[in-house]
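Heavy-atom basis, side chains included; hydrogens, waters and symmetry copies ignored. Quick note on labels: first sequence line is chain A, next is B, and so on, each numbered from 1. The shown structure was predicted, so the numbers you read here are calculated from the model rather than taken from an experiment.
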Amino acid sequence: MSLSTLYAMTGVALFSLGFHALLVQRHLLRKVLALNVLGSATFLLLVGMARRGGDTPDPVPHAMVLTGIVVAVSATALALSLARRLKAAQGLVRLPEDMPE
Amino acid sequence: MIFDHVLALTLVGLAWRLLSTSHLFKAVVLFITFGLLLALAWVRLEAPDIALAEAAIGAGLTGALLLDARARLEPRDDVPDIAPAGSGPPAPDASH
Amino acid sequence: MTVTFWLPVAILLSSFVPGVVIFLLPEEQSGARTALNLIGAVIKVVLVIGMIWGITEGRIYEARIPLLPDIDLVLHASRLPVLFISLSAVLWLLTTIYAVGYLEGSPHRSRFFGFFSLCVSATTGVAMAGNLLSFLVFYEILTLVTWPLVIHRGTEEAHQAGRVYLAYTLTGGALLMVGITWLHALVGPVDFVERGALAGIGPDYHGQLKVIFALLIAGLGVKAALVPLHGWLPHAMVAPAPVSALLHAVAVVKAGAFGIVRVMYDVFGIEFATTLGVHRPLALVASITIIYGSIQALAQDDLKRRLAFSTVSQISYIILGVATLGRLATIGGVVHLVHQALMKITLFFCAGILLETLGIHRVSEMNGVGRRMPLTMIAFSLAALGMIGLPPMAGFISKWYLGLGGLDAGDPWVLAVLLVSTILNAAYFLPILHAAWFRPANSPWPEARRGEFETRLYLLLPPLITALLFILAGLFAAAPVSPTAWCHVIADAEYGQ
Amino acid sequence: MDRPLNWAVLSVVLPLFGAVAAFLARARAGQRIGLLISLAVVLCSCGLALQLLEYGADRYGIGGWSAPLGIGLVADGLSAVMLFMTAVVGALTGLHATRYFAPRLSHDSAQAASQAHRRRYFWPLWLFMWAALNALYLSADLFNLYVTLELLGLSAVPLVALAGGPSLAAAMRYLLVSMLGSLAWLFGVALLYSAHGVLDLDRLSGILAPGPAVWAAIALMTGGMLLKTAVFPLHFWLPPAHASAPAPVSALLSAVVVKATFYLVVRLWAQVFPAALSFAAGQLLGYLGAAAILWGSVQALRQDRIKLLLAYSTVAQLGYLFLVFSLAMAPEAAADAWRAAVLFAVAHAFGKAALFLASGNLLLALGHDRIDGLHGVSARLPITMFAFGLAGVNLMGLPPSGSFIAKWWMLIAALRGGRWELVLVLVLGSLLAAAYVLRVLGPALMGPARGPRIAVPALMEWTALALALLSVLAGITVSTSLRLLEVGNPFSPAPGVPQ
C-alpha cells in the first residue's frame with residue numbers, strides 16, 4: 001500500500017465517521033465538528049488520490065484544498081454565529097427534532 | 001511507512017473520539033489535536049503549504065472559534081450530551 | 001401583413017382590450033365601463049360583418065404567429081368558424097346590455113365585466129383556432145376566465161359550484177391535452193382541414209387513433225355536457241343570469257360542442273371516422289344524453305336547473321347531427337349551434353328577469369306571471385315552443401334536418417330519439433307556459449316601478465331581440481343569408497361536394 | 001475575436017464589487033448601490049445574450065491564468081438563459097425588497113432595529129450571492145464550480161437567517177445540508193480527477209471512461225446536488241427554510257437558487273456524463289421526480305400557511321425538472337425533454353418569485369399568511385391577488401404560460417417513449433397544483449371585502465405582477481428564447497430548430 005493510498009483510505013474512513021456523526025448528533029456544535037471532519041476527510045482524499053500518478057506533487061489539488069480549508073472555516077464561523085443567535089433567541093442548542101412538515 | 005500507518009490510525013481514532021465523547025470541551029480540544037496531526041499528514045504527503053494552512057486555520061482559527069462558541073453555548077461547562085439512545089455511536093464512558 | 005392577417009387578430013382584440021382596461025377601472029366608473037364594453041362589442045360585430053362579407057367573396061382569413069419550432073398559433077376564419085364567431089359577437093353585445101342592467105349597483109362589477117370580456121375573447125379564439133394546439137390554448141383560457149364568473153356571487157354555494165366546475169373542466173382539459181399531444185407524437189402537428197387531416201393514415205395506427213378520438217371527445221365532452229360528464233352544469237346555475245346565458249348559449253358549452261364538430265370533421269374527417277367506426281358510439285352517447293337530460297329536466301322545480309338540464313339535452317343534438325353520416329344531418333347539427341344558442345339565451349334572459357324583478361326562481365312560483373310580464377313571457381314562450389320544435393321556429397328547422405339526415409344515413413332510430421325528446425321537451429316546457437298564462441297568481445305581484453315597462457329596458461330588450469332573431473332564422477331558413485343556408489355550404493365542403 | 005465588451009466577466013465582477021461596496025456603505029447608500037448594480041447586471045445579461053446570438057459560444061480567461069488553475073468562464077446559450085433568468089428575477093425582487101425592508105413605523109424599538117439590520121445586510125449578501133450564481137453558470141471546470149457552490153451556500157444561509165425567529169433553525173439546517181452537498185460534490189471531483197487528471201468539463205466529457213470510480217463520482221456529485229436542489233426525499237430542509245425567510249429572500253431561493261444546482265446536474269448529465277450513464281440511472285431520477293410531484297403537491301394541499309404551501313409547491317415543481325432526466329434517456333425524445341426542463345425552470349422561476357413576493361405583500365397587509373384568514377382579500381389587494389392568480393396559472397401548467405409549453409413537450413416525449421406512468425403523473429401534478437392554488441384564490445375571491453382597501457406600497461404589488469406576467473408570457477415568447485438556448489447547445493440538436 002502506497003503512502004497516497006493509505007491517506008486516501010484514511011480519508012474514506014474519516015468521511016464515513018463524519019457523515020455518520022452529522023446525521024446522528026443533535027448538538028449543533030457536534031454537527032459543526034462532524035462537518036469539519038467531513039471536510040478534512042475530503043481534502044485528504046483529494047490529495048491522496050491525485051498523487052497516485054507521478055512523483056512530483058500536483059499543484060492543482062493543493063490549490064483546491066487550500067481553498068477548501070478557507071471555505072470550511074468560513075462555514076464554521078457562520079454556523080457558530082447562527083448557533084449563538086439561536087441560543088440567544090430561543091435557548092436552543094439543537095435543531096428542533098420535529099420539523100414543521 | 002510505519003509512522004504513516006500509526007498516524008493514519010491515530011487520526012481515525014481521534015476523529016472517532018472527538019465525535020463521540022460526551023464532553024463538549026474535550027471534543028473541541030480533541031478536534032484541535034486532530035487538526036495538528038492532520039497537518040503532519042499533509043507534510044508526509046509533500047504538501048507543506050496545506051500543512052501550514054491546516055495548522056493555522058484548520059486547527060488554530062477553527063479551534064478558537066469552537067472554544068469560544070462552546071463557552072457561550074454551554075456556559076455551565078461540560079454538560080454531558082449523549083446522543084439519543086440507539087441512534088449514535090456507543091457512548092465511550094467505559095474508557096474514562 | 002394584410003387584412004387577412006389583421007382582421008382575425010382585431011376580432012380577438014376587440015373584446016380582449018376592453019376586458020383588460022376594465023380591470024384597471026375603479027369600481028365607481030360605471031359609465032366608462034359600460035361605454036368601453038359596448039364600443040368593444042359594436043366594433044366586434046362590425047368587424048365580423050366585414051369578415052362575413054370577405055368570406056362570401058372567397059377570402060380566407062388567417063393569422064399565424066410562431067409559437068413553437070414546429071407549431072404556430074393559428075387563427076383561421078373560414079365558413080365554419082365565422083358561424084360561431086358571428087354568433088358570439090351578436091350575443092356578446094346583447095348580453096352586455098343585459099348584464100349592465102342586471103348588475104346595476106352590485107359589487108365587483110369591474111372584475112365581472114373584465115372576465116366577461118375575456119370569456120368572449122377566449123370563445124372567439126376557440127372559434128378561430130386553426131390547429132389543435134391553438135384550440136387547446138383558448139379552450140383552457142376559457143376555463144380559467146369563466147371560473148371567476150361562476151363564483152361571482154362569492155357565497156359558499158357559488159364557491160362549491162366553482163370547485164365542481166373546475167374539477168370537471170380541468171380534468172377534461174387534461175384529457176384533451178393528452179389526446180392532442182398523443183396525436184402530435186404520432187403524426188406531427190395537425191392543422192384543421194376540411195374533410196379531415198388524418199384521412200391518409202395507415203391501418204397500423206388505427207388502434208391508437210381510436211383511443212385518441214375517445215380522449216379528445218371525453219375532454220371536449222366535459223364542456224359539451226355529454227352524459228356522464230355533465231355534472232358541473234347544473235351546479236354552475238348559481239352564477240348570475242347573464243353568465244348562465246353566456247355559458248349555455250355561447251361560451252363554455254358551445255366551445256365543447258364546437259370542438260367535437262372540429263374533431264369530427266376537420267381532424268378525423270367524416271369518412272375516416274367511419275372507417276375507424278368511431279361515429280356510432282358517439283351518436284349513441286349523444287342520444288343517451290338527449291333523453292337523459294330531458295328526463296332530468298322534468299324533475300326540476302328550480303327554473304334555472306330545469307333550463308340547465310334542457311341544455312344538456314339540446315347540446316347533444318349538435319353532436320348527434322355530427323355523428324350521423326350525411327349532409328343533411330350535418331346541416332341539422334351545425335345549424336343547431338346557432339338555433340339552440342338564440343333560443344336558450346332568450347330563456348335564460350327571461351329567467352333572469354323573473355328573478356331580478358319578481359324574485360321568482362321556481363317553476364311553482366310562476367303561476368299567472370304572464371299577465372304581470374307579458375313581453376318577457378311572450379319571448380320565453382316562443383323560445384320554449386322553439387325548443388320543442390314547433391314550426392316555423394328555428395328549433396323545428398334543426399330537428400327537421402336531423403330527422404331527414406337520420407333517415408338518409410339509414411339510421412331511423414335517430415328519428416325515434418328526436419320524437420321521444422320532443423315529447424319530453426313538451427312535457428317540461430308546456431306546464432311552465434300553462435302556469436304562466438292560464439293559472440291565477442299565487443298572490444298579487446308587486447307593481448312595476450314608474451317609468452318602466454314590466455322591467456328595466458336594459459333587461460327587456462335583449463330577450464326580445466333574440467326572440468326575433470330565432471323566429472327570423474326559422475321563417476327565412478331558405479333565404480341565402482340565413483344560418484341554414486350558410487350551413488348548407490359548410491356541409492357541402494365537408495362532404496367534398 | 002472582436003467582442004466589444006466582456007459581458008460574461010462583468011456579470012460576475014460587478015455584483016462582487018457591488019457586494020463589497022454595499023457592505024462598506026451605509027444602509028441607504030447600500031440600497032442605491034444594489035439597485036444600480038442590479039440594473040447593470042440586467043444589461044450585462046442582455047448584452048451577453050445578444051453577443052452569443054451574434055458570435056456563438058465563447059470561453060474567457062480571467063487574470064491571464066490558463067486552465068486548470070486560472071478561472072475560466074464559458075458562456076453558451078444555456079448559461080445565458082440562466083443568467084438572464086437570474087437577472088430578471090433578481091432585479092425585480094430587489095425592487096420589491098427596497099419597500100419590504102424599508103423602515104416601518106413601530107413602537108417596538110427592537111423590531112425597528114431588526115428591520116434596520118435586515119435592510120443593512122440584505123444588499124451585500126444578495127449581491128454576493130448573485131455573483132456566485134453568475135459565476136456558477138459560467139464556470140467551466142469542476143473545481144471552480146465547487147467554489148461557486150460554497151459561496152452560494154455561504155451567502156444564501158445568512159439571507160434566510162435575516163428573518164430571525166424560526167428562520168434561524170431553518171438557516172442552520174440549510175447550512176449543514178448545503179455543506180454536506182458541496183463536500184459530496186468535492187468527493188466526486190476527487191474521484192474524477194484521480195481517474196482522469198482533468199477538471200475542465202469539455203475535456204472531461206471527451207475522455208470520460210466508464211468504470212466504478214466514475215460511477216461513484218457521478219453518484220456522489222449527483223447525490224450532493226439532489227440534496228441541495230431538495231429533490232424528494234432529500235427535500236426536508238427546503239420548506240422550513242423557504243417558508244421562514246423574508247419574502248424577497250424566499251423568492252430568490254425558490255426561484256433561482258435551487259435552479260442553480262439543478263443546472264449543474266443538467267450540465268453534467270447532458271454534457272459530461274452521457275457516455276457513462278445507464279438508462280436505469282435516468283429512470284431513478286425520473287421516479288424521484290414523479291414522487292416529488294405527487295408528494296409535494298399533496299403536502300402543499302395540507303398546509304394552512306401560504307408560504308409553506310408555496311415551499312411545498314416548489315418541492316413538487318422541482319420534481320418536473322427531474323422527471324425530464326428519465327424522458328431524456330430516450331435519444332429521440334432527449335431534445336424535447338431538455339428544452340422542456342429549461343423552459344420549465346425559467347417559467348417556474350418567474351412564477352414562484354411572483355408568488356412569494358405576493359405572499360410578502362399579504363403578510364405585510366394582513367400581518368399573517370394564514371389561508372383561512374384571506375376572505376375577501378382580493379378586493380383589498382387586487383393587484384397582488386391578480387399576480388397570485390396569474391402565477392398560479394403557470395403552476396397549473398395552463399396556457400399560455402411557460403410551463404404549459406414545457407408540459408406539452410414533456411407529454412410528447414413521454415408519449416413517444418410509451419411512458420404511461422409519467423403521462424399520468426404529469427396530468428395528476430397539474431390537477432393537484434390547480435387544487436392547491438385554488439385553496440388560496442378561492443377564499444381570497446370570496447365574500448365581501450372585510451375591512452378597507454389596504455395600502456401596500458405600489459412597487460411591491462407591481463413587481464409581483466410583472467414577474468407573474470413574465471411567467472405567463474414565457475410560453476408565448478418561447479420561439480425566440482429557444483434560439484438563444486441553441487447557441488453552443490450542450491444537448492443534442494433539436495429537430496425542426498433552425499441551426
> Side chain, backbone, both or neither: which part of C/R111 has an atom under 4.5 Å from a heavy atom of chain D?
Replying inline: side chain
> Could you give the distance from CD1 (D/I383) to CZ (C/F23), rounded to the nearest 0.5 Å?
Replying inline: 12.5 Å
> With only heavy atoms counted, which part of C/L166 is less than 4.5 Å from chain D, the side chain, the backbone, both or neither?
Replying inline: side chain
>> Shorter than 4.5 Å, heavy atoms on both sides: which option in D/L441, D/V423, D/L438 has the most such pairs with chain C?
In response: D/L438
> Which atom pair, heavy atoms only, marks the closest approach of D/L415 to C/V178?
Replying inline: CD1-O, 3.9 Å
>> With a 4.5 angstrom heavy-atom cut-off, is it the side chain or the backbone of C/E27 that approaches chain D, or both, or neither?
In response: neither
> Minimum heavy-atom separation for D/R339 to C/P69, with atom names?
Replying inline: NH1-CG, 3.3 Å
Which pairs of donor and acceptor atoms, one on a side chain in residues 404-414 of chain D, lie under 3.5 Å apart (sequence neighbours left out)?
unit_1	atom_1	unit_2	atom_2	d
D/K407	NZ	D/Y320	OH	3.4
D/K407	NZ	D/S430	OG	3.0

>> Between D/L426 and chain C, with a heavy-atom cut-off of 4.5 Å, which part of the residue counts as in contact: side chain, backbone, both or neither?
In response: neither
> Looking only at heavy atoms, which two atoms of C/H108 and D/A379 are closest? And how far apart?
Replying inline: CE1-CB, 3.8 Å
> What distance separates D/M396 CE from C/E140 CD, expressed to the nearest 0.5 Å?
Replying inline: 10.5 Å
> Side chain, backbone, both or neither: which part of C/T171 has a heavy atom under 4.5 Å from chain D?
Replying inline: both
> Which one, C/L73, C/T143, C/I141, C/L68, leads in non-hydrogen pairs under 4.5 Å with chain D?
Replying inline: C/L68
> If you count heavy-atom pairs under 4.5 Å between each of C/I65, C/L133, C/L24 and chain D, which one has the most?
Replying inline: C/L133
> Would you say C/E157 has more than 12 foreign heavy atoms packed within less than 6.0 Å of its CD?
Replying inline: no
> After noting the C-alpha distance and the side-chain angles of C/L170 and D/L398, does the key distance pass the side chain to side chain contact (heavy atoms under 4.5 Å, CB included) rule?
Replying inline: CA-CA 9 Å; C/L170 288 179; D/L398 291 180; 3.7 Å; yes
>> Within the supplied structure, the quantity of interest is the number of heavy atoms (other residues, nucleotides, ligands) at a distance under 6.0 Å from C/F112 CZ; does it exceed 12?
In response: yes
>> My understanding is that only residues two or more places apart in sequence, or in another chain, count here; which of them pass side-chain contact (heavy atoms from CB on, under 4.5 Å) with D/A466?
In response: D/L92
> Is chain D contacted by the side chain of C/L142, its backbone, both, or neither, given a heavy-atom distance below 4.5 Å?
Replying inline: neither
> Which pair of heavy atoms, one from C/L67 and one from D/G475, lies closest together, and at what distance?
Replying inline: CD1-O, 3.6 Å
>> With a 4.5 angstrom heavy-atom cut-off, is it the side chain or the backbone of D/S378 that approaches chain C, or both, or neither?
In response: side chain
>> Please give me the minimum heavy-atom distance between D/P399 and C/L136, naming the atom from each residue.
In response: CG-O, 4.0 Å
